[in-house]
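Just so it is clear, the values below take in all heavy atoms, side chains as well, and ignore hydrogens, waters and symmetry mates.
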Number of protein chains: 2
Amino acid sequence: METVVENQKFRMARKLEKMFGHIDYRNPPELCPVRDVMSVASDQWSTLILLWLGYFHVLRFNKLKKYVYGISNKVLSQRLKVLEADGYISREAFNEVPVRVEYSLTDFGQTYVEKLLELTEWMQANSPKVLANREKYGLL
Amino acid sequence: METVVENQKFRMARKLEKMFGHIDYRNPPELCPVRDVMSVASDQWSTLILLWLGYFHVLRFNKLKKYVYGISNKVLSQRLKVLEADGYISREAFNEVPVRVEYSLTDFGQTYVEKLLELTEWMQANSPKVLANREKYGLL
DNA sequence: AAGAGTAAGTTACAAAAAGTAACCATATGA
DNA sequence: TCATATGGTTACTTTTTGTAACTTACTCTT
């Protein structure tokens, strides 16, 4: 049991070492593109938007708003813009009345959502543990 | 090429379908523990704190502040508290003068950091693509 | 002995981000 | 004629962050 954890730690340190040879998190954000890019993509609302687009493939503004429960028009439209700018999603507007606008993942966005999904599955599996920890902590 | 992407989409839809049978993101946050738990753990600062703790195993407040470049005392102490409450990290205070406080990952936190690291590696590999997209988008 | 330094924060105040709700154009259906 | 629908935007409020000074208590320097 102990050694398993120790091995994990060792593998981990090696991974991070390798990584930190390239990226230095000590750099200010404007000098560390990874921090910058990550802060957009793994933002709470962006995550939900991307997951739902991964699920439905194509969604219009108001549908998206329904599924990404609790998001406001303002923030939804902001996030859609930056997600488009960063290349995760594409926006297509049709000349109809009223206007129809469709959002969908790009192939690039699709690869990101696959990664994101793994993390979300971890969260799904482990959130009971976290909630239990929280409760225990509250009692101390 | 096309079919590869199509296959990915299919696998994806199945994964999400399976998942959404259990969790409904349409629920308000207070009814969806996954959203709640995720918003703490995948917050930008929390992510950096956890990654650095994964790297060094043990860090004291001021060292952590140095590595998690740009974080303020206030936010660092807030995040450390919730990360401790959620069970990702543990805090040990020594009765010395001046006080010494050591933060480290719990085994639970360690498993999360492994997941987080995968995502970060994707970010590292793909951030140039994102920056290129951003620039292209700016020109439109 | 006075003053600076140190560690791990806290606190008051300012700035930025997010949430809220009303509003826009335009056309269709009741 | 008035309500409805779409895909947002805008002004205003509230919440969250960031900034910088301060705290406690002991030690080291001068």
Side-chain angles (χ1 to χ4, degrees), chain A residues 25-30 32 35-36 38-49 52-53 56 58-86 89-104 137 140, chain B residues 25-30 32 35-36 38-49 52-53 56 58-85 89-104 140:
Chain A
Y25 284 117
R26 283 161 288 199
N27 283 338
E30 64 275 17
C32 180
R35 264 175 72 158
D36 179 11
M38 202 154 78
S39 73
V40 168
S42 63
D43 159 88
Q44 192 195 170
W45 291 125
S46 300
T47 299
L48 293 172
I49 291 168
W52 281 111
L53 282 176
F56 283 111
V58 176
L59 281 171
R60 298 168 64 176
F61 191 90
N62 283 315
K63 274 276 180 203
L64 210 35
K65 196 188 160 184
K66 253 178 65 184
Y67 289 112
V68 182
Y69 190 96
I71 199 170
S72 66
N73 286 15
K74 192 177 104 180
V75 172
L76 179 53
S77 98
Q78 279 174 354
R79 291 299 187 282
L80 289 171
K81 271 176 200 159
V82 303
L83 289 174
E84 194 194 353
D86 280 11
I89 67 176
S90 64
R91 175 186 189 276
E92 196 174 4
F94 299 88
N95 263 341
E96 300 176 5
V97 170
V99 197
R100 178 161 59 100
V101 179
E102 291 186 346
Y103 293 94
S104 56
Y137 188 85
L140 303 182
Chain B
Y25 284 118
R26 282 160 287 199
N27 283 338
E30 66 273 18
C32 181
R35 265 174 71 158
D36 179 11
M38 201 153 77
S39 73
V40 169
S42 63
D43 160 85
Q44 193 197 167
W45 291 125
S46 300
T47 299
L48 292 172
I49 291 168
W52 280 112
L53 282 176
F56 284 111
V58 175
L59 280 171
R60 298 168 63 177
F61 191 91
N62 283 314
K63 275 277 179 203
L64 210 34
K65 196 189 162 186
K66 252 179 65 184
Y67 289 113
V68 181
Y69 191 96
I71 200 171
S72 64
N73 287 15
K74 191 177 108 182
V75 173
L76 179 54
S77 98
Q78 279 175 354
R79 290 300 186 283
L80 289 172
K81 271 175 199 158
V82 303
L83 289 174
E84 194 195 353
I89 67 176
S90 64
R91 175 187 188 277
E92 195 173 4
F94 299 88
N95 263 340
E96 300 177 5
V97 171
V99 199
R100 179 162 58 101
V101 179
E102 293 186 345
Y103 292 95
S104 56
L140 302 182

Item to check | Euclidean distance, B:Gln78 CD relative to B:Ser72 OG, rounded to 0.5 Å | outcome: 7.5 Å
Checklist entry - Closer than 4.0 Å, any side-chain N/O of B:Asn62 to the OP1 or OP2 of C:dA8? => result yes
Next on the checklist: Need one value for A:Lys63: base, sugar-phosphate or nothing, where a base atom within 4.0 Å counts as base even if backbone is also close, heavy atoms only.
Outcome noted: nothing
Checklist entry - Does the side chain of B:Tyr67 reach to within under 4.5 Å of the side chain of B:Leu48, using non-hydrogen atoms? => result no
Checklist outcome for this item: Quick note, A:Phe61 side chain, CB onward, closest among C:dG9, D:dG18, D:dG7 is D:dG7
Next on the checklist: Starting the side chain at C-beta, find the nucleotide from D:dG8, D:dT9, C:dA7 nearest to A:Tyr103.
Outcome noted: D:dG8
Checklist entry - In whole angstrom, what separates B:Asn95's CG from D:dC26's P? => result 11 Å
Item to check | CZ-OG1 distance between A:Arg35 and B:Thr47, expressed to the nearest 0.5 angstrom | outcome: 10.5 Å
Item to check | Whichever of A:Gln78 and B:Leu80 has its nearest DNA chain C nucleotide further upstream toward 5' | outcome: B:Leu80
Checklist entry - Between B:Glu96 (CD) and C:dA7 (C1'), how many Å, whole number? => result 11 Å
Checklist entry - Atom CG of B:Leu59 to atom P of C:dG9: distance rounded to whole Å? => result 13 Å
Checklist entry - How long is the span from the CG atom in B:Leu53 to the OG atom in B:Ser90, to the nearest 0.5 Å? => result 9.0 Å
Checklist entry - What integer distance in Å separates B:Glu92:CD from C:dA8:P? => result 13 Å
Checklist entry - Looking for any heavy atom pair under 4.0 Å, which part of the strands does A:Phe94 touch: base, sugar-phosphate only, or nothing? => result nothing
Checklist entry - Is there side-chain contact between A:Ile49 and A:Tyr103, with at least one heavy-atom pair below 4.5 Å? => result no
Item to check | Separation of C:dA17 P from A:Ile71 CD1 (nearest whole Å) | outcome: 16 Å
Next on the checklist: Just to be sure I understand the rule, does A:Ser77 reach a base, reach only the sugar-phosphate, or reach nothing, if contact means heavy atoms closer than 4.0 Å?
Outcome noted: sugar-phosphate
Next on the checklist: Expressed as a whole number of angstroms, how long is the span from B:Lys65:NZ to D:dT19:C1'?
Outcome noted: 10 Å
Next on the checklist: What's the closest nucleotide to the side chain of A:Val97 if the choices are C:dT26, D:dG8, D:dT9?
Outcome noted: C:dT26
Next on the checklist: Taking only side-chain N and O atoms of A:Lys81, does any of them lie within less than 4.0 angstrom of OP1 or OP2 on D:dT9?
Outcome noted: yes
Next on the checklist: I need the CZ-C1' distance between A:Arg79 and D:dG7, as an integer number of Å.
Outcome noted: 18 Å
Checklist entry - Is the phosphate of C:dA7, meaning OP1 or OP2, less than 4.0 Å from a side-chain N or O of B:Arg60? => result no
Item to check | A:Asn73 vs B:Asn73, nearer the 5' end of DNA chain D by closest nucleotide | outcome: A:Asn73
Checklist entry - C:dA7, C:dG19, D:dT19: which one has an atom nearest the side-chain heavy atoms of B:Lys74? => result D:dT19
Checklist entry - Does a side-chain N or O from A:Trp45 land closer than 4.0 Å to OP1 or OP2 of C:dA17, or not? => result no
Item to check | Spacing between B:Arg100 atom CZ and D:dT24 atom P, to the nearest angstrom | outcome: 24 Å
Next on the checklist: Would you compute the distance between atom CG of A:Leu83 and atom CG of A:Asp43 and round it to the nearest 0.5 angstrom?
Outcome noted: 8.0 Å
